[in-house]
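Structure record follows, encoded as structure tokens.
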Number of protein chains: 2
Amino acid sequence: MPLANEKTTAGRDDGSLRVLNGEAADRLAAISRVLTVPAGRPVMMEGAPATELYSVSQGIVSVFKLMPDGRRQITGFLYPGSFLGVTFNAETTYAYSADAVTAVTLRAYPRRDFERLLDEVPGVRRAFIAAMADELTEAQDRMLLLAHRSASERLACFLLTLAGRQAGKGGEPVDTVYIPMRGSDIADYLGLTAETVSRTLAVFRRKGIVHAERGGSIGILDRGALEALAGPLSRHI
Amino acid sequence: MPLANEKTTAGRDDGSLRVLNGEAADRLAAISRVLTVPAGRPVMMEGAPATELYSVSQGIVSVFKLMPDGRRQITGFLYPGSFLGVTFNAETTYAYSADAVTAVTLRAYPRRDFERLLDEVPGVRRAFIAAMADELTEAQDRMLLLAHRSASERLACFLLTLAGRQAGKGGEPVDTVYIPMRGSDIADYLGLTAETVSRTLAVFRRKGIVHAERGGSIGILDRGALEALAGPLSRHI
DNA sequence: CGCCTGGTTGATTTCATTCAAAAACGGTGG
DNA sequence: CCACCGTTTTTGAATGAAATCAACCAGGCG
């Protein structure tokens, strides 16, 4: 599973779309261009002409908005399967910026061609609408988080969410979560400061709930406590 | 423009969809059922089977999530043209609840029929995807607001947004904003408490920026000041 | 008239931010 | 291999903004 450029014939399991039948995958692959972005580099910029849209194949992308005063809100960390740069309506520019958190492989689809596929291929359409509905649901969950939750609730929720995302493959929950993003990224994602994130994580460590591992991973020692801290959230994003 | 039940032959200007050609409107109308909900009553409940989805024709709907501990986050106030109860994916239940803020007229579409129209009628599909993209963009803007902004920034932004929405029809900005929602609704929307909303509004009044009018309207006396308070936000939602 | 809901105002507390500085980390080049 | 640098993380103390707790006021309605 190399990180370098792949062939355009990639099938359903390359993560370019969550659920995708053969035809849809082929048609998408046919109009797509594969590109890679090194960790930390920009993927797209708010305000740039939206000539194409992307899906994440490998790696993690952060999507964010900048305020003129320099503050930044990361609106999401996108994993393989997510779409990026979707701007239908009259808009012809991207509504947000995106950076590569890790080294990233993307598929780029020319906007016109993609829209044509939406019309022609039911499988593409369904997958795309489902992906958007997912993102919308997730956005609403995160509004709840940002509006009404304490720092430890936010961080506990974040860790459990990441753990859940990584568990996806196998099924059983993982006890070690790989966290490639920096503290300030997490802070901007959760609406906190880097200091508060650090402090809160320190508290978790002191309580024996988590354990900092080598290389940006942290081990979950007491999932129950973490879930209790995450608080009364019906569903973990 | 009566608020009571309308005929199913309603055309393109009834607000059931933003931009819609004749065929799409007709096909949608054909599968839809019109219903009205009095102010303050529930429209749908989180967790209920998602057998149909809705579009708002007239009035305002609040969409919200409840936490087990009673806290509530209003994720949006929906105006005519917005969709409600969209749950593709495997999910068969609604992801959120909704109440009628004012008396509301809705169109209900059986989920299966609507999905079929998405496949068959390009106009419906485009309008629907555009509406979702809009909602997503709006959700991201509101994340920014909830995460990083002070109470007065939030409230100023809220007022300007409402003013902008009501200006839509004519074009020139309005100076009187109709605010049918209660203080606690605004608070739950902005991630504040009702007390803070009241206090902040009192400050605005004291400064001569706004003026409380009769019947739940407030007059904007100094739009410039309000925009300055709303702060460095590139685009008002 | 009195009740009930919703809005206002005040006093206090709490929690995250801010400002500041030290410590750890990771890469680079001698 | 180690010293050096810039960056990121950690920790501390002080500040500040909104939440909380609580009381009071105004209007609508039985």
Side-chain angles (χ1 to χ4, degrees), chain A residues 38-41 62 67 69-74 99 101-103 144-158 179-207 210-218 229 231, chain B residues 38-41 62 67 69-74 99 101-102 145-158 179-207 210-218 229 231:
Chain A
R41 310 310 307 269
S62 66
M67 305 220 247
D69 64 358
R71 283 181 291 187
R72 176 179 69 146
Q73 174 63 31
I74 294 184
D99 281 356
V101 172
T102 64
L144 216 159
L145 184 104
L146 291 173
H148 284 299
R149 294 183 159 283
S150 71
S152 38
E153 283 176 314
R154 293 180 201 203
L155 203 55
C157 190
F158 175 72
I179 311 214
M181 46 292 262
R182 297 179 307 189
S184 61
D185 289 336
I186 300 172
D188 288 345
Y189 179 69
L190 297 178
L192 302 169
T193 59
E195 292 96 321
T196 301
V197 169
S198 174
R199 263 184 255 277
T200 307
L201 220 40
V203 173
F204 287 3
R205 256 184 271 120
R206 222 166 292 137
K207 285 185 182 170
V210 302
H211 180 254
E213 315 254 336
R214 255 237 60 75
S217 291
I218 80 164
L229 273 169
Chain B
R41 309 310 305 270
S62 66
M67 305 220 249
D69 65 358
R71 284 182 289 187
R72 176 179 70 148
Q73 175 62 31
I74 293 184
D99 281 357
V101 172
T102 64
L145 183 101
L146 290 173
H148 284 299
R149 295 184 157 284
S150 71
S152 38
E153 283 176 314
R154 292 178 201 204
L155 203 54
C157 191
F158 175 72
I179 312 212
M181 45 291 262
R182 298 178 307 189
S184 60
D185 289 337
I186 300 172
D188 287 346
Y189 179 68
L190 297 177
L192 301 170
T193 59
E195 292 95 321
T196 301
V197 169
S198 174
R199 263 186 255 276
T200 308
L201 219 41
V203 173
F204 287 4
R205 258 184 269 120
R206 221 168 291 138
K207 285 186 182 170
V210 302
H211 181 254
E213 315 253 337
R214 254 238 61 76
S217 291
I218 79 163
L229 274 170

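Letters A, B, ... are given to chains in the order of the sequence lines, protein chains preceding strands, and every chain is numbered from 1.
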**Touch class at under 4.0 angstrom, heavy-atom based, for B/R205 against every strand present** = sugar-phosphate
**Heavy-atom pair with the smallest gap, counting every atom of B/S152 and B/T200** = CA-CG2, 3.7 Å
**Message:** Can you measure B/E195 atom CD to C/dT9 atom P for me and round it to whole angstrom units?
**Reply:** 13 Å
**Side chain of A/A202 - closest among C/dT9, D/dA18, D/dT11** = D/dT11
**Prompt:** Of all the nucleotides listed (D/dT11, C/dT18, D/dT20), which has the minimum atom distance to the side chain of A/R206?
**Reply:** D/dT11
**Message:** I need the CZ-C1' distance between B/R71 and D/dA19, as an integer number of Å.
**Reply:** 11 Å
**Prompt:** To the nearest angstrom, how far is B/H148 atom NE2 from C/dA16 atom P?
**Reply:** 15 Å
**Request:** Take the protein atom CG of A/L190 and the nucleotide atom P of C/dA16, then report the distance between them rounded to whole Å.
**Result:** 12 Å
**Request:** Give one of base, sugar-phosphate or nothing for B/G40, where a contact means two heavy atoms less than 4.0 Å apart.
**Result:** nothing
**Prompt:** Whole-Å distance between C/dG7 P and B/L192 CG?
**Reply:** 15 Å
**Message:** Taking only side-chain N and O atoms of B/T193, does any of them lie within less than 4.0 angstrom of OP1 or OP2 on D/dA19?
**Reply:** yes
**Complete:** Smallest heavy-atom separation, A/R149 atom then A/L144 atom, equals CG-O, 4.1 Å
**Prompt:** At their closest point, which heavy atom of A/A187 faces which heavy atom of A/A194, and how far apart are they?
**Reply:** CB-N, 3.5 Å
**5' priority, DNA chain C, between B/R182 and B/T196 [closest heavy atom]** = B/R182
**Asked** What is the distance from CD of B/E153 to P of D/dA17, rounded to the nearest Å?
**Response** 12 Å
**Closest heavy-atom pair and its distance - B/L146, B/G191** = CD2-N, 4.0 Å
**Request:** Take atom CD1 of B/I179 and atom P of C/dG6, then tell me their distance rounded to the nearest Å.
**Result:** 17 Å
**Request:** For the side chain of B/S198, starting at C-beta, report the closest nucleotide among D/dT20, C/dG7, C/dA16.
**Result:** C/dG7
**Item:** Residues B/D185, B/R72: salt bridge by 4.0 Å N-O rule
**Value:** yes
**Item:** Residue closer to the 5' end of DNA chain D, A/A147 versus A/R199 (nearest nucleotide)
**Value:** A/R199
**Prompt:** Could you state the CG-P distance from A/D188 to D/dT8, rounded to the nearest angstrom?
**Reply:** 12 Å
